[in-house]
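Have a look at the structure below before the remarks.
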Number of protein chains: 2
Amino acid sequence: MDVRALETLRTVRSQGGVGAAAAVLHLTPSAVSQQLAALSREVGVPLTERVGRGLRLTAAGDALADAAVDVAVAVERARAACAAFLERPEGTVRVSAFQSGARLLLPPLLTRVAPLGGITVECSDEDVALDDFPALTDRVDVVVAHRPDGAQWPAAGLRVVPLLREPLDVAVPRDHPLAGRDRVSPGDLDDEDWIAVREGFPVANVLGAVATASGTTPRIVHRINDFSIAEALVAAGHGISLLPRFTGGGHPGVRLLPLAGVRAGRTVDALLRPDTAERLVVRRVLEALVAVAAEAAGRPR
Amino acid sequence: MDVRALETLRTVRSQGGVGAAAAVLHLTPSAVSQQLAALSREVGVPLTERVGRGLRLTAAGDALADAAVDVAVAVERARAACAAFLERPEGTVRVSAFQSGARLLLPPLLTRVAPLGGITVECSDEDVALDDFPALTDRVDVVVAHRPDGAQWPAAGLRVVPLLREPLDVAVPRDHPLAGRDRVSPGDLDDEDWIAVREGFPVANVLGAVATASGTTPRIVHRINDFSIAEALVAAGHGISLLPRFTGGGHPGVRLLPLAGVRAGRTVDALLRPDTAERLVVRRVLEALVAVAAEAAGRPR
DNA sequence: ACATCCATGCAGTGACGCTACATCGTCGGT
DNA sequence: ACCGACGATGTAGCGTCACTGCATGGATGT
């Protein structure tokens with residue numbers, strides 16, 4: 001019973017297919033298929049079943065994949081047990097973040113980790129739909145993800161470390177009629193042009209929730225995922241938008257107005273696979289990330 | 001990080017050397033040495049250090065061996081998770097027992113397991129010194145071992161399942177002056193010839209404890225490990241002996257007399273490695289063994 | 001001082017897993 | 001309804017890696 005084969009099974013489940021899993025594992029689909037076949041032969045139970053032109057794990061396969069997580073955790077714990085005897089933690093950690101989170105957190109993270117020495121942090125920005133964040137943990141060690149208030153990550157085989165909660169404010173141009181107010185309520189926002197994010201992305205339906213509070217449907221004229229672009233559009237008078245308080249606000253032509261009457265916000269979490277969460281270097285980086293997030297939330301601009 | 005290499009490290013620790021571990025694992029010492037070298041190279045820490053002409057695990061090696069137990073447990077749990085989807089548990093389980101325990105427990109164990117079908121039980125008798133019982137778990141799945149009152153098994157990486165406690169009675173020939181008594185006290189036993197077990201074996205020092213209760217040192221004339229041989233010698237008038245109540249007593253020429261005033265007994269346990277204890281077939285056999293032991297202790301002859 | 005025991009290094013060989021390619025079944029498009 | 005595309009699975013060939021066998025070095029006890 002090879003740990004690599006178990007890992008492969010786990011990846012096939014999380015990626016939803018042989019081909020996708022092969023891409024993540026840097027293998028050919030054939031190799032993945034052979035590993036599954038060997039594993040199935042060893043335990044004497046079919047682990048996968050064809051459905052359409054893809055496949056799905058059987059109940060036994062699902063149980064084995066669950067157990068595979070524990071195996072991976074135990075193996076990484078073993079590695080960490082030895083790494084504790086090294087004078088200082090060493091290695092490289094891959095961190096990804098959605099754009100606005102990356103702008104807020106990655107620079108201070110790197111400056112905080114640098115003096116530790118020996119730890120290499122590889123950053124990347126990954127903007128994906130809400131449902132696709134967990135699967136990123138197969139390619140990246142620490143995934144900085146965000147979710148709107150109320151949404152929850154699937155608990156299965158995923159470690160979630162909360163970083164910060166960020167209110168969503170209404171961003172208006174400085175010459176807007178509401179710009180002088182110190183806060184606005186949903187009713188003030190009828191008959192406005194909105195700049196929203198793409199469907200399926202984390203804070204897409206927050207705007208809907210705000211609008212239902214005033215009984216109208218918002219008029220969405222643009223769909224921009226990158227908040228800094230949205231901010232520039234707001235400043236230029238092409239509409240108003242919902243922007244996170246700590247991340248946005250850098251643009252001189254934009255005013256951020258707190259929303260009264262509705263609770264609108266998003267939570268930023270770090271997502272990790274349980275096994276990578278056991279790695280010593282990963283834990284060091286994660287600690288730094290938590291500290292950086294606390295600073296960012298406690299000292300908003 | 002291979003589970004087999006971790007297993008090897010664990011075995012080197014429990015067997016106390018490369019050669020012994022190689023014998024247990026059916027490998028050459030060279031292969032074991034190479035596995036350790038590869039493992040050490042992978043974690044970047046020396047796992048073993050030479051001491052005399054043998055070797056010993058370093059602190060890091062010890063920590064890794066501890067973690068290796070958890071890995072093995074997780075792997076076996078994974079196997080069991082799949083085995084649960086098989087219609088009935090299948091496989092072979094190796095059981096060993098010291099002689100008297102084997103005579104008492106193995107026959108009913110086999111008859112109880114047989115109707116389950118698909119489970120093969122391979123029995124062997126293993127009479128070793130008290131300290132050597134735990135190491136047997138590397139070669140045998142379930143080790144039926146015994147220990148005198150007060151002794152404890154080393155907790156490290158060993159699962160202990162108590163089976164029964166058995167008082168030690170004084171065995172005398174039927175024509176002995178004490179044969180008519182319904183119990184004896186230590187003072188009655190001065191000036192007797194004793195048949196004891198070899199030094200280092202489980203109940204060796206019980207006789208000493210009984211003797212100190214009467215202030216004398218026992219006169220040991222024979223050292224016989226097999227209780228049925230000792231029983232035959234007692235019947236022939238060559239001395240008296242301490243025999244376990246449930247196991248002995250089959251010989252018509254011997255009377256068993258309970259000891260008053262001192263608590264003399266032994267405990268019979270099943271010893272398993274934590275990982276083999278997770279195997280489904282092993283658990284089935286173990287359940288049967290516990291039931292058999294309860295019957296044997298509850299219905300003494 | 002020598003024989004013995006134990007762990008380790010090195011060359012040869014066998015097995016195992018991967019890549020590349022071909023095949024089969026299934027699903028959309030015209 | 002056919003055809004093209006996609007996704008998973010077998011097969012041949014190859015490379016790699018781990019094990020065996022033997023030789024070496026160090027430590028022990030007679």
Side-chain angles (χ1 to χ4, degrees), chain A residues 1-58 60-62 64-65 68 71-72 75 132 135 138, chain B residues 1-58 60-62 64-65 68 71-72 75 132 135 138:
Chain A
M1 169 110 33
D2 190 12
V3 289
R4 278 176 31 83
L6 291 174
E7 177 70 16
T8 300
L9 178 68
R10 218 196 58 66
T11 309
V12 167
R13 177 170 69 172
S14 68
Q15 294 291 321
V18 171
V24 168
L25 298 170
H26 303 293
L27 289 173
T28 58
S30 182
V32 171
S33 183
Q34 289 175 42
Q35 284 191 18
L36 294 183
L39 207 54
S40 177
R41 197 173 345 109
E42 184 174 351
V43 299
V45 190
L47 300 175
T48 60
E49 56 191 1
R50 301 296 304 254
V51 46
R53 52 186 169 189
L55 54 72
R56 176 182 58 203
L57 297 200
T58 62
D62 209 49
L64 185 56
V71 173
V75 168
D132 296 333
D138 284 334
Chain B
M1 168 110 32
D2 189 11
V3 289
R4 278 175 34 80
L6 291 175
E7 177 70 15
T8 300
L9 178 68
R10 217 196 59 67
T11 309
V12 167
R13 177 170 68 173
S14 68
Q15 294 291 321
V18 172
V24 168
L25 298 170
H26 303 293
L27 291 172
T28 58
S30 182
V32 171
S33 183
Q34 288 176 41
Q35 283 191 18
L36 294 183
L39 206 54
S40 177
R41 199 174 342 110
E42 184 175 351
V43 298
V45 190
L47 300 174
T48 60
E49 56 191 1
R50 300 295 304 253
V51 46
R53 52 186 169 190
L55 54 73
R56 175 182 56 203
L57 297 198
T58 62
D62 208 50
L64 185 57
V71 172
V75 169
D132 296 334
D138 285 333

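Note on naming: letters A, B, ... go to the chains in the order of the sequence lines (proteins, then strands), and numbering restarts at 1 for each one. In this text the structure is predicted, and so the values were computed from the model without any measurement.
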Given [options], identify the nucleotide with an atom nearest to the side chain of [X].
X	options	value
B:S30	D:dC22, D:dC19, D:dT11	D:dC22
A:A31	D:dG7, C:dC18, C:dC21	C:dC18
B:Q35	D:dT9, C:dC18, D:dC19	D:dC19

Spacing of [X] atom [atom1] relative to [N] atom [atom2], expressed in whole Å:
X	N	atom1	atom2	answer
B:L39	C:dT8	CG	P	13 Å
B:R56	C:dC6	CZ	C1'	16 Å
B:R4	D:dC17	CZ	C1'	12 Å
A:E42	C:dG17	CD	P	10 Å
B:L27	C:dT8	CG	P	14 Å
A:R50	D:dC6	CZ	P	16 Å
A:Q15	D:dG7	CD	C1'	15 Å
A:Q34	C:dT23	CD	C1'	15 Å

Candidates A:L9, A:L57, A:V45, A:V71 - the one meeting side-chain contact (heavy atoms from CB on, under 4.5 Å) with A:L64: A:L9
Tell me the closest heavy-atom pair linking A:A135 and A:S14, and the distance in Å. CB-O, 4.3 Å
For A:V18 and A:P29, work out which heavy atoms get closest and say how close. CG1-O, 3.4 Å
So, OP1 or OP2 of D:dT20: does either fall under 4.0 Å of a side-chain N or O from B:T28? yes
Taking OP1 and OP2 of C:dA3, is either one under 4.0 Å from a side-chain nitrogen or oxygen of B:R53?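 So the side chain of B:R53 is outside the cut-off, no N or O lying under 4.0 Å from OP1 or OP2 of C:dA3.
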Got a donor-acceptor contact below 3.5 angstrom from the A:T58 side chain to the A:L47 backbone?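 Yes; judged by distance alone, with no hydrogens or angles, the pair exists.
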Can you check whether B:R4's main-chain N or O pairs, donor with acceptor, with B:T8's side chain at less than 3.5 Å? yes
Quick check on DNA chain C: between B:A20 and A:P29, whose nearest nucleotide comes earlier from the 5' end? B:A20
